[in-house]
Amino acid sequence: MMWERLNFQIRMLYRFMRIILFFDLPSVSRKEKREYQKFVKYIKEEGFSMFQESVYTKLCLNETVVESTMKNIKSNIPKDGFISCLSLTEKQFSSIECLLGDFKSDVIISDERIIKL
């Protein structure tokens, strides 16, 4: 029973896919800014969330959903700009290592229940 559960969890890590969408759209003129905002609104409605500025990510159930999402994005690409898409398994995505420089903030980030100030 325990082996079946572990096997199921491992299969899920390879079944779920992640799309990473990178884009560089011009936003100098009013028309370009409108196109930029329209595209960002569209990808958010498609289920993407911001990972970094101009980098969005979406979790997909399987490769079929990835293909369908890619088809939809291709039909909604703005005329100008550069868009790249990368699809990988959730297991590959979970190995991302986020590196931060000197980050200073007044916000305390902790998982402790009691924080003494």
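Every heavy atom of this structure was used, including side-chain atoms; hydrogens, water molecules and symmetry mates were not.
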**Message:** Apply side chain to side chain contact (heavy atoms under 4.5 Å, CB included) to residues Ser54 and Tyr36 and explain how you reach the verdict.
**Reply:** CA-CA 10 Å; Ser54 297; Tyr36 177 89; 4.2 Å; yes
Main chain of [Y], side chain of [X]: is a donor-acceptor contact present, judged purely on distance under 3.5 Å?
| X | Y | value |
| --- | --- | --- |
| Glu32 | Ser29 | yes |
| Gln37 | Arg34 | no |
| Ser68 | Thr64 | no |
| Thr57 | Ile20 | no |
| Asn72 | Ser75 | no |
| Ser94 | Lys91 | yes |

**Greater than 12 external heavy atoms within 6.0 Å of Phe82's CZ** = no
Find out whether [X] and [Y] are in side-chain contact, i.e. whether some heavy atom of one side chain is under 4.5 Å from a heavy atom of the other.
| X | Y | value |
| --- | --- | --- |
| Ile83 | Pro78 | yes |
| Phe48 | Ile19 | yes |
| Glu46 | Ile73 | no |
| Arg18 | Thr89 | no |

**Prompt:** Angle class for the Phe23/Phe39 ring planes (parallel below 30°, perpendicular above 60°, tilted otherwise)?
**Reply:** perpendicular
**Asked** Can you check side chain to side chain contact (heavy atoms under 4.5 Å, CB included) on Phe16 and Leu61, steps first, answer last?
**Response** CA-CA 5 Å; Phe16 286 111; Leu61 182 62; 3.4 Å; yes
Honestly curious: do [X] and [Y] fall in one hydrophobic cluster under the side-chain, below-4.5 Å linking rule?
| X | Y | answer |
| --- | --- | --- |
| Met70 | Val40 | yes |
| Val66 | Ile77 | yes |
| Leu21 | Met50 | yes |
| Ile96 | Phe22 | yes |

I need the [X] [atom1] to [Y] [atom2] distance, nearest 0.5 Å.
| X | Y | atom1 | atom2 | answer |
| --- | --- | --- | --- | --- |
| Lys58 | Met17 | NZ | CE | 12.5 Å |
| Glu67 | Ser87 | CD | OG | 9.0 Å |
| Ile43 | Lys38 | CD1 | NZ | 14.0 Å |

**Complete:** Closest non-hydrogen contact found for Gly81 with Leu25 is CA-CD2, 3.8 Å
